[in-house]
Visitor: 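Mind having a look at this structure? Questions to follow.
This structure is a prediction, so every number in the text was calculated from the model and none was measured. Just follow the structure's listing: the first ligand is 1, and inside any ligand the first atom is 1.
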Amino acid sequence: MSIDINKIREDFPILQQQIYKRPLVYFDNAASTQKPRQVIDAICTYYERDNCNIHRGVHYLSVKATEAYEETRKEVCEFINARNTHEIIFTKGATESLNLVAGSFGKRYIHEGDEVITTIMEHHSNFVPWQQMCMERGAKLRIAGIDEKGDLDLDEMRGMMNEKTRLIALTHVSNVLGTINPVKEIVAIAHQHDIPVLLDGAQGVSHLPVDMQELDCDFYCFSGHKMYAPMGTGVLYGKEKFLEALPPYQLGGEMIKDVYIDRTTFNELPFKFEAGTPNVEGVMGLRAAIQYLKNLGMAEIAAYENELLAYATDKLSGIEGVTLFGTSVHKASLVSFLIGDIHPYDAGMIIDKMGVAVRTGHHCAMPLIDFLKIPGTVRASFAFYNTFEEIDKLAEAVMRVKQMFS
Ligand code: PLP
């Protein structure tokens, strides 16, 4: 199936509006995507017909809500081709998934003198938890660099792997540069050294087909809201052998088997990592979002978004004074740029007044921005509901910024 852009746009009510008397152009998809009517309806239907706490009741509504919740776990499992549904843990987002692994994996496996490898292109969510955990446990965080195109220095990373390395934690796709890292290759090399690999899939899962069995990574983390699902939903995929071995992350209801005055036994997977009442309506929305993506087809989405990327790269690099950051040939659909020496905030504000929503600043990747020695970037990130005409409007807005500062 190919992308029917007009039909798709009808599904997204928020895109129908005008801002500053202009049609809204939404290019902040790497921060959060908009939600189709199907997702909004799933949330409403849940509250109108099925609302109830899950896993704890024998009555009709509780059983129905529990079944729908567990059906979603199956849906996620299939979507990312995990081996087992109990390897899917619901969280409130990529950040929580990453903190869960850093906390629990750190406690269990990381000791003084050990090493963790990450990269300079990480989002703070996949950097700070490892940095802090290594500091607490007397371990060393090693940081692989990038080249001028924004590709990971794979030789450097390979050279860092040794008998002290306990884990490699890296992003699947950079939220600033768009670089798609060669994660399958990295996992294969790391596994030759018996090193597990965690992938931050926050920017991967909405743009590319991802397959846990093919990638063979040990952990994969992502957020629902970046894949057309509600905020406050997310997933941690972990291989059973690790999830079994890790201590629970939060304590409370649902994650226990038996509680006595002097001890507690913990529940089986996945519940061991799902303490407390979860975001059930959000998970209903996540199910609808996955069905929506499956209907469109991830390969079709990737192909269309690649066309948008190529068009935008061409348009922007044709404007004198525009510098693009992140020019890897393996790239997801976003462009990060600066216009001359105009501060990204100033540029972003003018672009916004032209009806185009872009993100400006360090994009929660300050180590990378420092490495690039820039104040930040303007980032336009595309989704399958965006159009070539909208990219023309971005180019017009960039020209306007140039004019205003000339
Ligand atoms: N990792 C990457 C690569 C991201 O781009 C983001 C958000 O922008 C995150 C992690 C954190 O995601 P969330 O804020 O949804 O937890």
Visitor: How far is atom 8 (O) of ligand 1 from its nearest protein heavy atom, and which residue and atom name does that atom have?
Guide: Lys226 NZ, 2.5 Å
Visitor: Show the atoms of ligand 1 that are less than 4.0 angstrom away from any heavy atom in Ser223.
Guide: 12 (O), 13 (P), 15 (O), 16 (O)
Visitor: Is Glu70 paired with Arg73 through a side-chain N to carboxylate O contact shorter than 4.0 Å?
Guide: yes
Visitor: Salt bridge check: are Glu396 and Lys393 linked by an N-O gap of less than 4.0 Å?
Guide: no
Visitor: Look at the aromatic rings of Tyr385 and Tyr228 and report parallel, tilted or perpendicular, splitting at 30° and 60°.
Guide: perpendicular
Visitor: Number the atoms of ligand 1 from 1 as they appear, then name those within less than 4.0 Å of a heavy atom of Asn175, with their elements.
Guide: 5 (O)
Visitor: Parallel, tilted or perpendicular: which fits the ring planes of Phe105 and Phe242, with parallel below 30° and perpendicular above 60°?
Guide: tilted
Visitor: Pairs of nitrogen or oxygen atoms closer than 3.5 Å, one from Thr171 and one from ligand 1: do any exist?
Guide: no
Visitor: How close do Arg9 and Gln16 get, counting heavy atoms only, and between which atoms?
Guide: O-NE2, 2.7 Å
Visitor: State if Asn126 counts as touching ligand 1 under the rule of any non-hydrogen atom under 4.0 Å.
Guide: no
Visitor: What is the closest protein heavy atom to atom 5 (O) of ligand 1, and at what distance does it sit?
Guide: Gln203 NE2, 2.7 Å
Visitor: At a 4.0 Å cut-off, with the gap strictly under it, does some heavy atom of Glu122 reach an atom of ligand 1?
Guide: no
Visitor: Quick test of your reading of the structure: of Thr95, Leu98, Asp200, whose heavy atom lies closest to atom 3 (C) of ligand 1?
Guide: Asp200
Visitor: Taking 4.0 angstrom as the limit and counting only heavy atoms of Ala202, give me the atoms of ligand 1 inside it, by number and element.
Guide: 1 (N), 2 (C), 4 (C), 6 (C), 9 (C), 10 (C)
Visitor: Would you please classify the geometry between the Tyr220 ring and the His172 ring as parallel, tilted or perpendicular, with 30° and 60° separating the classes?
Guide: perpendicular
Visitor: Can you tell me the protein heavy atom closest to atom 4 (C) of ligand 1 and the distance?
Guide: His123 CD2, 3.3 Å
Visitor: Taking heavy atoms and a distance under 4.0 Å, where does His225 meet ligand 1: side chain, backbone, both or neither?
Guide: side chain
Visitor: Check this for me - ligand 1, Ser125, N or O atoms closer than 3.5 angstrom, yes or no?
Guide: no
Visitor: Considering only NZ, NE, NH1 and NH2 on the basic side and carboxylate oxygens on the acidic side, decide whether Asp216 and Lys239 come within less than 4.0 Å.
Guide: yes
Visitor: When you look at Asp392 and Lys315, which way does the salt bridge (charged side-chain N to carboxylate O under 4.0 Å, His left out) test go after all the steps?
Guide: CA-CA 8 Å; Asp392 291 341; Lys315 275 260 152 185; 3.4 Å; yes
